Amino acid sequence: MVFKIRGAVKDYIWGGNRLAEYGYPGDRVAEAWVLSFHRDGMAETGGRPVNEVIPRSMWGANCARFDEFPVLIKLIDAKDNLSVQVHPSDEYALAREGQYGKTEMWYVVDAQESAGLYVGFSRRTDKSRLRSLIEENRLLEALNFFPVHSGDCFFIPSGTVHAIGKGCLIAEVQQNSNLTYRVYDYGRVGADGKPRQLHIDKALEVADLSEYRPAQFPDGILAQCDYFRTWSAEGTVGYDGSFTSVLFLGNGSVDGMAAAKGDSWFIPAGRRAQVKGKALLTAVPDARGGLK
């Protein structure tokens, strides 16, 4: 059995309405959590929460070393700039927040002209300079800005200061965490009319201050870490050691069942399925980085 997943929707202030093309209509839909076992946005299958339908035994043995489901996958529509932020490591987050940190990857599904992403520092900095840049509203000057196009991919380890720029539609694969330290937010206010909370002191403690260097992965792999491996392919999909997530970026099918752009499917560990169409695939490698 395979499971079609319906994502939880978030209406953050920077969101737009482009996710309607991907099955999530609304006046302001910032994110769809298309595979989520997280309490802040539980996905559904067959009208029920995924954690009530998909047991841990279907996650696969590669997930046994994790206390919780290891990944969270999103579609993100940035009508406006997202805040500049940083995520802590597991070690810091577990000690200070009682939850896991966050490493993530971005796959650019679509991008408007001149859209781009801020990822890491263009040269090494230090905490004193970083604090000054934040206080003087000059932080963006110190970050790399990458103009992007459909198909571009970025790996964002925990500690990397980053931001999604307006005009980007992103598929994000990340650790199963909702922990973010907001560093800079363009002076915006929230729904309550008050400036959105910043977490500058914590951000200074966890930020990687070195010059950012893009990660390199073997051919065919878009990104990989302890928590996920992500790639794009079609054909026979499935592994004994891990579930496989299939996020369709165009129309396709799973074992002959029609799939529309934006559909998310869960293939249990030990199950094989025929996937046709452009899709982003994610599974969990074993402790040595293998997947079979």
Side-chain angles (χ1 to χ4, degrees), residues 1-12 15 17 19-77 87 90 93-94 97-105 170-180 227-230 237-239 241-249 252-255 257-271 273 275 279-284:
M1 184 176 187
V2 296
F3 299 88
K4 186 177 180 180
I5 307 298
R6 181 68 182 172
V9 169
K10 302 293 180 178
D11 64 347
Y12 304 133
N17 53 24
L19 291 187
E21 298 177 42
Y22 295 82
Y24 295 92
D27 292 335
R28 186 174 69 192
V29 178
E31 297 182 351
W33 292 17
V34 297
L35 178 60
S36 171
F37 283 70
H38 199 284
R39 61 183 178 276
D40 291 344
M42 190 72 66
E44 296 182 347
T45 183
R48 296 173 58 195
V50 289
N51 63 335
E52 295 181 2
V53 179
I54 300 175
R56 190 178 184 108
S57 59
M58 291 186 179
W59 303 358
N62 295 357
C63 299
R65 66 187 189 275
F66 303 116
D67 293 336
E68 57 187 27
F69 191 75
V71 300
L72 196 165
I73 301 176
K74 303 175 180 178
L75 284 170
I76 300 174
D77 173 21
H87 308 302
D90 286 346
L94 288 169
E97 309 285 0
Q99 57 182 302
Y100 284 92
K102 189 196 296 186
T103 286
E104 62 194 9
M105 65 83 74
I170 302 289
E172 178 177 287
V173 181
Q174 58 160 90
Q175 284 182 248
N176 186 15
S177 169
N178 197 27
L179 180 59
T180 293
Y227 292 88
F228 57 80
R229 178 190 292 180
T230 300
V237 172
Y239 298 92
S242 172
F243 71 89
T244 307
S245 165
V246 185
L247 172 58
F248 282 91
L249 304 180
S253 64
V254 178
D255 281 349
M257 294 177 285
K261 182 168 65 172
D263 280 359
S264 173
W265 292 73
F266 181 99
I267 302 172
R271 175 74 157 79
V275 173
L280 204 64
L281 308 179
T282 298
V284 177

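Keep in mind that what you see is a predicted model, and the values were worked out from it rather than measured. Position 1 is the first residue of the sequence; numbering continues from there.
- In terms of heavy-atom proximity, S177 sits nearest to G101 at CB-O, 3.2 Å.
- Of all heavy-atom pairs spanning T180 and K102, the tightest one is OG1-NZ, 3.8 Å.
- A heavy-atom distance below 4.5 Å is found between the side chains of P268 and F3.
- Considering only heavy atoms from C-beta on, V275 stays 4.5 Å or farther from T244 through its side chain.
- L281 places none of its side-chain heavy atoms less than 4.5 Å from the side chain of T230.
- A donor-acceptor pair under 3.5 Å is formed between the side chain of D77 and the backbone N or O of N17.
- If you run side chain to side chain donor-acceptor pair (under 3.5 Å) between Y227 and each of T103, D90, T282, only D90 comes through.
- Here the closest heavy-atom approach between residue D255 and residue A273 is recorded as OD1-CA, 3.4 Å.
- Counting only distance, with no hydrogens or angles, the side chain of S253 and the backbone of A258 share no donor-acceptor pair below 3.5 Å.
- Counting only distance, with no hydrogens or angles, the side chain of S264 and the backbone of V34 share a donor-acceptor pair below 3.5 Å.
- In this view, V29 and V9, L19, Y24 satisfy the side chain to side chain contact (heavy atoms under 4.5 Å, CB included) rule, not counting sequence neighbours.
- Checked against ring pair (Phe, Tyr, Trp, His ring centres under 6.0 Å), Y12 has the following partners two or more places apart in sequence or in another chain: W14.
- The line from CG of L35 to CD1 of I73 is 5.0 Å long, rounded to the nearest 0.5 Å.
- Between the NE2 atom in H87 and the CD atom in E104 there is a gap of 4.0 Å [rounded to 0.5 Å].
- Of all heavy-atom pairs between G60 and A269, the closest is CA-CB, 3.4 Å.
- One side chain, D67 or Y100, offers a donor N or O that lies under 3.5 Å from an acceptor on the other.
- Applying the side-chain hydrogen bond (donor to acceptor under 3.5 Å, both in side chains) test to residues at least two apart or on different chains, the pairs with a partner in residues 32-58 are E31-W33, D40-N178.
- Between V50 and I5 there is a side-chain heavy-atom pair separated by less than 4.5 Å.
- To the nearest 0.5 Å, atoms OH (Y239) and CD1 (I267) are separated by 10.0 Å.
- Panel note: side chain N176, backbone L72; no donor-acceptor pair is recorded below 3.5 Å.
- Relative to the six-membered ring of Y22, K261 meets both conditions, a distance below 6.0 Å and an angle of at most 45° to the axis.
- Relative orientation of the F266 and F243 rings is parallel, given thresholds of 30° and 60° on the angle between their planes.
- Contact between P49 and M42 at its shortest, heavy atoms only, is CB-CG, 3.9 Å.
- Within the 4.5 Å cutoff, no side-chain heavy atoms of W59 are placed close to those of F66.
- K4 places a side-chain heavy atom less than 4.5 Å from the side chain of D263.
- Considering only heavy atoms from C-beta on, Q174 stays 4.5 Å or farther from M105 through its side chain.
- Taking the side chain as every heavy atom from C-beta outward, R229 and V173 never approach each other to under 4.5 Å.
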